[in-house]
Amino acid sequence: MPIPGHIDPVPVPREFKPRADGRIDLLGLSKADLRMALETAQLEPKQAKLRAKQLFHWMYNRGVTEFALMSDISKVMQPWLEQRFVISRPEVVEAQVSTDGTRKWLLRSDDGQDYEMVFIPDADRGTLCVSSQVGCTLNCRFCHTGTMRLVRNLLPGEIVGQVMLARDALGEWPSQPEGRMLTNIVMMGMGEPLYNFDNVRDALKLVMDGDGLALSKRRITLSTSGVVPMMARAGEEIGVNLAVSLHAVTKEVRDEIVPINRKYGIEELLQACADYPGANNARRITFEYVMLKDKNDSDAEAHELVRLIRKYKLPAKVNLIPFNPWPGAPYECSAPERIRAFSTIIFEAGYSAPIRTPRGRDIDAACGQLKTASEKKSRAEMDRLAEEKMTALG
């Protein structure tokens, strides 16, 4: 049983993997992990607790990467830290800016893996689209990232590092709630966040920590293609807004364009949405629906979507996403008038169904376009990859 009262948790020794230069990267470590890293480096426990609190503030609240700039850490301690630790940022391979102001960064990890993040500025908000994996284990047919093989999960430092790098680029240190350009985060970049649950959770806890980046959980949205067993846990342990990549309302069509549907079907997915902790009319579940010509865009399918939302009594809104093309894509975007008609049916049923304005298409930064190396695949090759991935999923 837990011991009642206020107690200091005892750090459990853990292995901190050093970089090539022998130093430990502190990016992505929590207060407890920072304290543990300092104790592992033979700093006295009471001193380690104090320094961990100071480091956390300088790293995550002020964005400082050099120990020499941390004014409340002694001149003697600064070189000691410098010899043993480093506060990194992801390596920027390429930074692009769209004609509409959208920014895309191609990033590279220490082990040479590439991943991307996108910042989308609007009049009333600025949204950072963050990646959770290098590649993707799913094979959603409309998504360019889905044609990549999964290489590996991103670590907490690599996930929160995207937010830190965006803050650097936007000049938004120290953290403050007023006047920010970066106001929202969506876990909608490369990868399926719920297949990298622990690392995504730990990174988002750093983002939400009031002593650090201090972004409210109401301004963070996690998107899943439908990893049903992890959805309730995400609501309980992370508590951010939920978005679901639905994209179809029949088994036949969703099996084709979102293959995870063969493992967790629409009815099972919608029940998990109904059970999602914290979902209510003030915090609606967002259903993402990419509009594919003659595939999922009929009036009948719009009416079926309304029926399903009502059946499960879901506090929901529907984001209609015009399909963003990429080399070798097997689909076309629905005509604008078809998308408007689909939207009207949902609106008239009493549910919000805005049509998303494509952003960053000219730099392949729009929804579904993220991929670090363009390559065309035949339909047969995509079928083969889909089967391989579904076999791996069990």
Side-chain angles (χ1 to χ4, degrees), residues 16-29 33 59-60 63-66 85-98 102-120 127-138 143-173 182 185-193 195-196 198-200 202-204 206-207 213 223 326-327 359-377:
F16 294 96
K17 185 177 179 180
R19 301 166 8 128
D21 62 8
R23 295 187 293 174
I24 301 297
D25 193 349
L26 299 182
L27 182 65
L29 299 189
D33 285 338
M59 288 169 58
Y60 298 117
V64 171
T65 59
E66 298 178 36
F85 304 106
V86 64
I87 302 167
S88 73
R89 288 290 188 270
E91 176 191 349
V92 178
V93 178
E94 184 179 20
Q96 296 174 275
V97 181
S98 167
T102 298
R103 303 188 189 192
K104 182 173 79 168
W105 290 266
L106 173 61
L107 308 175
R108 182 163 295 158
S109 65
D110 284 343
D111 60 349
Q113 302 300 335
D114 293 351
Y115 53 103
E116 294 178 329
M117 71 174 190
V118 174
F119 177 69
I120 307 162
T127 302
L128 186 69
C129 183
V130 174
S131 292
S132 58
Q133 295 178 310
V134 179
C136 189
T137 191
L138 304 176
C143 179
H144 203 192
T145 313
T147 67
M148 298 177 66
R149 293 182 184 276
L150 176 68
V151 178
R152 68 169 176 83
N153 289 331
L154 292 177
L155 300 172
E158 293 168 326
I159 296 170
V160 76
Q162 296 171 62
V163 185
M164 309 283 278
L165 186 64
R167 281 272 186 91
D168 292 346
L170 297 170
E172 299 208 325
W173 300 109
L182 199 171
I185 290 174
V186 292
M187 296 299 305
M188 296 182 185
M190 297 170 64
E192 164 56 63
Y195 278 145
N196 186 20
D198 288 351
N199 290 338
V200 168
D202 293 351
L204 290 181
L206 290 173
V207 171
L213 289 157
S223 176
W326 40 267
R359 300 290 300 273
R361 275 182 169 176
D362 57 319
I363 57 171
D364 288 339
C367 182
Q369 288 187 316
L370 295 192
K371 189 177 185 211
T372 57
S374 294
E375 58 178 304
K376 294 185 178 181
K377 281 186 167 50

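Because the structure is predicted, anything quoted here is derived from the model rather than measured.
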Q: With sequence neighbours excluded, tell me which residues meet side chain to side chain donor-acceptor pair (under 3.5 Å) with Q162.
A: none
Q: Roughly how far apart are M59 CE and I87 CD1, rounded to 0.5 Å?
A: 5.0 Å
Q: Under the rule for side-chain contact (heavy atoms from CB on, under 4.5 Å), what residues qualify as partners of R23, not counting sequence neighbours?
A: R19, D21, E82, V86
Q: Hey, what do you get for CG (D33) to CD1 (I24), rounding to the nearest 0.5 Å?
A: 12.0 Å
Q: For T127, enumerate each residue passing the side chain to side chain donor-acceptor pair (under 3.5 Å) test, keeping only those at least two apart in sequence or located in another chain.
A: none
Q: Which residues pass the ring-ring contact (aromatic ring centres under 6.0 Å, His included) test with F119, sequence neighbours left out?
A: none
Q: Tell me, yes or no, whether the heavy-atom count around E91 atom CD, taken from other residues, nucleotides or ligands under 6.0 Å, exceeds 12.
A: yes
Q: Could you give me the CA-CA distance, side-chain angles and deciding distance for L204 and M187, then say whether side-chain contact (heavy atoms from CB on, under 4.5 Å) is met?
A: CA-CA 10 Å; L204 290 181; M187 296 299 305; 4.2 Å; yes
Q: How about V130 and M117: do any of their side-chain heavy atoms sit closer than 4.5 Å?
A: no
Q: Treating Y60 as the side-chain partner and L27 as the backbone partner, does any N or O pair qualify as donor plus acceptor under 3.5 Å?
A: no
Q: Just to verify, what does V151 make a side-chain contact (heavy atoms from CB on, under 4.5 Å) with, not counting sequence neighbours?
A: Q113, V134
Q: Please identify each residue that fulfils salt bridge (Lys or Arg N to Asp or Glu O under 4.0 Å) with R108, with sequence neighbours left out.
A: D114
Q: Enter the distance from L182:CG to I120:CD1 here, rounded to the nearest 0.5 Å.
A: 11.0 Å
Q: Which pair of non-hydrogen atoms, one from V200 and one from S132, has the smallest distance, and what is that distance?
A: CG2-CB, 3.8 Å
Q: Identify the two heavy atoms, one from P90 and one from G161, that lie closest to each other, and give their separation to 0.1 Å.
A: CD-O, 3.6 Å
Q: For a 4.5 angstrom cut-off between non-hydrogen side-chain atoms, does L170 reach R103?
A: yes
Q: Could you tell me the separation between the CE atom of M190 and the CG atom of L154, rounded to the nearest 0.5 Å?
A: 8.0 Å
Q: How would you list, by chain and number, every residue that makes a salt bridge (Lys or Arg N to Asp or Glu O under 4.0 Å) with E192, sequence neighbours excluded?
A: none
Q: Do L150 and Y195 make a side-chain contact, defined as non-hydrogen atoms from C-beta onward lying under 4.5 Å apart?
A: no
Q: State the CD-CG distance between E94 and L107, to the nearest 0.5 angstrom.
A: 11.0 Å
Q: Atom CG in L155, atom CG in D25: separation rounded to 0.5 Å?
A: 10.0 Å
Q: Of the non-hydrogen atoms in P156 and G28, which two are nearest, and what is the gap between them?
A: CB-O, 4.0 Å
Q: Keeping to residues at least two apart or across chains, list the salt bridge (charged side-chain N to carboxylate O under 4.0 Å, His left out) pairs with something in residues 159-170.
A: R89-D168
Q: Indicate the atoms forming the closest heavy-atom contact of P18 with G22, along with that distance.
A: CB-O, 3.7 Å
Q: Which residues satisfy the side-chain contact (heavy atoms from CB on, under 4.5 Å) test with N153, sequence neighbours excluded?
A: Q133, N196, N199
Q: Please report the shortest heavy-atom distance between Y115 and S109, naming the atom on each side.
A: CE2-N, 4.1 Å
